[in-house]
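Down below is the structure, laid out as structure tokens.
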Amino acid sequence: MAKTAISPTREENYAEWYQQVVKEAQLAENSSVRGCMIIKPWGYALWENMQSVLDGMFKATGHKNAYFPIFIPLSLMSKEAEHVDGFATECAVVTHHRLEKGEGGKLTPAGPLEEPLIVRPTSEMIINETFSRWVQSYRDLPLLINQWSNVVRWEMRTRLFMRTAEFLWQEGHTVHATKEDAVAETERMLDIYAGFLENYMAIPVIKGTKSDAERFPGADDTYTVEAMMQDGKALQAGTSHFLGQNFAKAANIQFLDKDGTQKHAWTTSWGVSTRMIGGMIMTHSDDDGLILPPKVASAHAVILPFLKGKDKSGDATIVEACEALKAELEAQSYAERKLVIELDDSDTAGKKWAWVKKGVPLRIEVGARELEEGTVAVTRRDTNEKTVYPRAEFITKAPEILADIQITLFKRAETFRADKMTTEITDKEAFYKRFKNDRSAGGFVLAPWDGDAASEKQVKEHLQVTIRCLPLTDQDVAGKNCVITGNPAKYMALFAKAY
RNA sequence: CGGGGAGUGGCGCAGCCUGGUAGCGCAUCUGGUUUGGGACCAGAGGGUCGUAGGUUCGAAUCCUAUCUCACCGACCA
């Protein structure tokens, strides 16, 4: 059995394996603040790449960025009843505005605020309240705004990237004159998320709508993209909400329409977060650590010179050659981005493994032999394949190799998901059996459902299985019966255990 | 919030039951050896043992309180 760079392996302990991958890849670490993570440079570079692509997509569809306060007055928060109920148990609340030195120099909060401030768990209330002043006429619509920010949700249990008390995200908030426009926007943004996840993160997703129980608090409809992780659990990777007129009414967003009457507007909101990084790790990484999809990778390749130690005669030449190679590679582009190349000329043992664990797509080895032959030895992180290329050929071919890695990762994930997906289960016994298997979380089961909250609740209590979504396609239920109750089915539902 | 677990040099741990003021591995630094790879030898630096109180001649070790963290549940992006 070959030694793996990450211990334990996925098979041995998936949860612990995940923590180790994050740590060994230098993506993030726990901070001294409960539930809050420190995103390290290697992880933040990844997030910046993701941001940059998404931001371009938002702007290309007419959205503009803005920034709203981190604090929401308590009174404002309480205006949409369902929304409040959904977030009340996980709000951080600011109640004081200064510190005083007490006994023994110990600092204690003083100066109570007249009205407590909530640290935003999401910004619907503060943004829609603002929109009520921005929107006066049908000419002001649609209003398409996005914000990049942090939010705070005081979760009971946290896990790096997957669920942290504070996380980074973007939240889009839009206002429309008609229901049709708002629904179209909700679906457009869902498509953008799905496209980003599949084409950039190489994570295959299933698009669908949430059941009543899983909907965003205050929304009429929540659209979601669901991904399958390597342990057979599902991950909600992004959501897009059709908010109906609920928030428009709560925040009083009205406009004077062409016909001269005052109308309430229709709003949407949509978001993706640093959680996608967690999804990416759980989709692609292996027992040797992280594997980054080239399109968003913090770096595309690392050059590792083989130095001669004591007999340093040739070392300077090798490092120089590596620097020249780096410069030439950096002139190349892949996926509208100049190649980012790291050069690690440290002589520490195990530096190769450090880069394996960081998930960099290509490792380029250059030593005396390569210099002499005019070649480079290149190893792909995804397949572990080592190929010796003539130097010039590799430089022009690098983007092509990266593109192949990107596709390989996506296809591999797609194949994996296909193995974890069944549409064959039609009776309750088989359904229960599937999800009671201890070795695996069970994957996706696409099965008929009667649309009743009671049956949904039942499988959640018995099996910790939830309805991830009602897929947008495959909704033919004619003649089919609910997998749980046997009653006539209303929907095809995608069931899974979830993060 | 419930269930078990853990807080000891930068990291990972032992020591605790049977009190006598700290030890191992990795990492770091120095010197040497080695060199297509997760090295070896020798030496060195670095810790008031989570915090507060108590028992004692003496506490990492016993007692009490308290804080924190990761993990498994319930809750959730």
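The model shown is predicted, which means the values in this text are computed figures rather than measured ones.
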So which nucleotide does [N] pair with, by the Watson-Crick or G-U wobble rule with both distances under 3.5 Å?
N: B:A22; result: none
N: B:A42; result: B:U30
N: B:A6; result: B:U68
N: B:U48; result: none
N: B:C76; result: none

Tell me whether the OP1 or OP2 atom of [N] has a side-chain N or O from [X] closer than 4.0 Å.
X: A:Arg157; N: B:G73; result: yes
X: A:Lys460; N: B:C76; result: yes
X: A:Gln464; N: B:G73; result: no
X: A:Gln19; N: B:A70; result: no
X: A:Asn30; N: B:C69; result: no

Length of the [atom1]-[atom2] vector between [X] and [N], whole Å:
X: A:Arg159; N: B:C75; atom1: CZ; atom2: P; result: 17 Å
X: A:Leu160; N: B:C71; atom1: CG; atom2: P; result: 8 Å
X: A:Trp17; N: B:C71; atom1: CH2; atom2: P; result: 15 Å
X: A:Lys358; N: B:G38; atom1: NZ; atom2: P; result: 19 Å
X: A:Arg34; N: B:A6; atom1: CZ; atom2: P; result: 21 Å
X: A:Glu365; N: B:U35; atom1: CD; atom2: P; result: 18 Å

Check every strand shown and say whether [X] touches a base, only sugar-phosphate, or nothing at a heavy-atom separation below 4.0 Å.
X: A:Phe167; value: base
X: A:Thr158; value: sugar-phosphate
X: A:Ala15; value: sugar-phosphate
X: A:Ser273; value: base
X: A:Glu155; value: base

Can you see whether A:Ser240 engages A:Thr186 through a side-chain donor-acceptor pair at a distance of less than 3.5 angstrom?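 A:Ser240 vs A:Thr186: no donor-acceptor pair found between side chains.
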Donor on one side chain, acceptor on other, A:Glu124 and A:Thr122, under 3.5 Å: yes
Pairwise [atom1] distance, [M] and [N] [rounded to whole Å]:
N: B:U8; M: B:U51; atom1: C1'; value: 14 Å
N: B:C49; M: B:C11; atom1: P; value: 16 Å
N: B:A14; M: B:C62; atom1: P; value: 15 Å
N: B:A74; M: B:U61; atom1: P; value: 38 Å

A:Asp191 with A:Lys207: basic N within carboxylate O range, under 4.0 Å: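 Judged by the 4.0 Å cut-off on N to carboxylate O distance, A:Asp191 and A:Lys207 do form a salt bridge.
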NZ/NE/NH1/NH2 to OD/OE distance under 4.0 Å, A:Glu342 and A:Lys358: no
For the residue pair A:Phe161 and A:Trp47, is the inter-centroid distance of their aromatic rings smaller than 6.0 Å?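 No, they do not, as the ring centres are separated by 6.0 Å or more.
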Test of ring centre spacing under 6.0 Å for A:Phe131 and A:Phe247: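 Ring-ring flag for A:Phe131/A:Phe247: false, centres at least 6.0 Å apart.
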